[in-house]
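Note that the structure is predicted; figures quoted are calculated from it, not measured. Computation of the quantities below employed the complete heavy-atom set of this structure, encompassing side-chain atoms and omitting hydrogens, waters and symmetry-equivalent molecules.
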Amino acid sequence: LGFSTKVALFIGIIMSFSSTVVIVNILKQKEMIGRKEVPLLVAILIIEDILAVFVLTFFSGINDASISFISTFERTLFSIAVLIIVYLIVIRILKLSVNVIQKNSTDESVFTFLSLAIGALFSYFAFNLGLAPSAGAFLAGSMIASLPNYKEYIRAIQPYVTIFSAIFFISMGTLVNFKTVESNLGLIGVLVLAIIISRLIAIGLSIFFLGNFKISESVFASIAMIPVGEFSLLVAKESERFLVGTDLVTITA
């Protein structure tokens with residue numbers, strides 16, 4: 001389409017991620033969460049989220065365009081290794097601590113405070129390691145989900161999940177420049193079409209031939225995966241640091 005390699009790379013990455021938050025909520029609201037395709041789609045979304053965290057972590061680790069790719073990659077790998085080691089240590093301590101807390105308190109606010117505190121602390125720790133805060137938040141969520149009584153934590157923090165999700169999408173929405181939308185309608189139309197076609201090929205055909213699903217189930221899975229992800233918005237925001245010359249946040253939104 002005539003864009004530079006840098007812009008093309010960012011657009012390709014942005015289009016690659018589907019939205020876990022949007023897709024799961026739509027399926028719940030439409031009472032389709034019980035369909036047999038959904039566990040496979042959720043697994044794909046989780047893997048996408050992990051890859052997205054690594055992508056964001058890599059981009060956030062590039063503080064200076066003059067630093068070589070190898071140096072950035074080495075530094076990022078070291079930071080990730082430190083974060084994972086701390087994660088493994090903390091998760092063992094946490095499992096022991098949670099058992100003690102449960103014996104002495106049944107107050108739901110304890111679960112809420114502990115969950116939010118772990119999320120905030122790991123995000124801050126990742127940030128201090130030069131990584132994307134989302135990397136720390138992702139590991140914190142994984143840590144909470146691995147606890148034996150994780151359902152109690154889910155119930156306790158659900159209102160906060162809804163609030164934080166809303167704040168995130170609203171804050172990203174305030175960055176939208178409608179003049180950019182107007183001047184890039186053709187590009188946006190092409191990208192929307194490309195997303196639909198890529199989902200039909202990558203998701204639909206894959207699960208039809210490899211997963212032994214019916215054609216109708218393959219089409220449903222393709223349509224379900226169309227919404228572009230919240231990580232895509234974060235990657236678009238990160239692109240501003242690289243002076244790509246295109247308002248990718250608005251185009252993505």
Side-chain angles (χ1 to χ4, degrees), residues 17-25 28 39 41-61 75-172 229-238:
F17 301 123
S18 297
S19 174
T20 305
V21 172
V22 173
I23 291 169
V24 170
N25 276 299
K28 282 181 180 177
L41 298 183
V42 171
I44 294 169
L45 288 168
I46 290 170
I47 293 169
E48 281 188 3
D49 286 349
I50 293 170
L51 292 173
V53 167
F54 276 104
V55 169
L56 273 174
T57 298
F58 178 74
F59 283 137
S60 64
R75 188 175 66 247
T76 303
L77 275 183
F78 176 76
S79 298
I80 290 172
V82 172
L83 189 64
I84 290 174
I85 289 168
V86 173
Y87 165 84
L88 293 172
I89 294 170
V90 172
I91 197 169
R92 286 184 175 275
I93 297 171
L94 188 63
K95 285 181 178 180
L96 294 172
S97 304
V98 164
N99 291 330
V100 175
I101 292 170
Q102 274 190 300
K103 288 177 182 177
N104 294 287
S105 175
T106 56
D107 188 354
E108 200 171 74
S109 62
V110 174
F111 301 124
T112 304
F113 176 77
L114 192 60
S115 301
L116 296 176
I118 291 169
L121 287 171
F122 258 80
S123 298
Y124 184 70
F125 183 58
F127 176 76
N128 278 291
L129 286 173
L131 304 175
S134 54
F138 188 86
L139 286 178
S142 169
M143 191 180 295
I144 296 297
S146 69
L147 295 175
N149 56 333
Y150 71 96
K151 289 184 179 179
E152 295 178 40
Y153 287 90
I154 291 174
R155 187 172 61 253
I157 65 172
Q158 191 57 50
Y160 296 91
V161 172
T162 305
I163 291 168
F164 289 152
S165 298
I167 290 171
F168 169 75
F169 285 111
I170 290 168
S171 64
M172 295 303 292
E230 52 281 353
F231 278 114
S232 297
L233 287 167
L234 292 173
V235 170
K237 186 74 177 69
E238 199 68 31

To check you understand the geometry: which heavy-atom pair defines the closest contact between [X] and [Y], and what is its length?
X	Y	value
I91	L88	CG2-O, 3.2 Å
A126	P133	CB-CA, 4.4 Å
S18	I23	CB-CD1, 3.7 Å

**Asked** How are the rings of F125 and F122 set to each other: parallel, tilted or perpendicular (split at 30° and 60°)?
**Response** perpendicular
Contacts of [X] that satisfy side chain to side chain contact (heavy atoms under 4.5 Å, CB included) - sequence neighbours left out:
X	value
S142	Y87
I93	I89, S97
L234	L56, F168, F231
K28	V24, I33

**Item:** F169 CZ: over 12 foreign heavy atoms closer than 6.0 Å
**Value:** yes
**Message:** Let's go through L83 and L129 carefully: what are the C-alpha distance in whole Å and the side-chain angles of both, what is the deciding distance for side chain to side chain contact (heavy atoms under 4.5 Å, CB included) to 0.1 Å, and is it a yes or a no?
**Reply:** CA-CA 8 Å; L83 189 64; L129 286 173; 4.0 Å; yes
**Complete:** d(Q158 CD, T112 OG1) to nearest 0.5 Å is 11.5 Å
**Message:** Could you work out, with side chain to side chain donor-acceptor pair (under 3.5 Å) as the rule, every residue matching T20, not counting sequence neighbours?
**Reply:**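 T20 satisfies side chain to side chain donor-acceptor pair (under 3.5 Å) with D49 only.
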**Item:** Sequence-distant partners of S19, side chain to side chain donor-acceptor pair (under 3.5 Å), two or more places apart
**Value:** E230
Which pairs of donor and acceptor atoms, one on a side chain in residues 113-121, lie under 3.5 Å apart (sequence neighbours left out)?
| unit_1 | atom_1 | unit_2 | atom_2 | d |
| --- | --- | --- | --- | --- |
| S115 | OG | F111 | O | 2.8 |

**Fill in**
Residue pairs passing the side chain to side chain donor-acceptor pair (under 3.5 Å) test with at least one member in residues 125-137, sequence neighbours excluded, are none
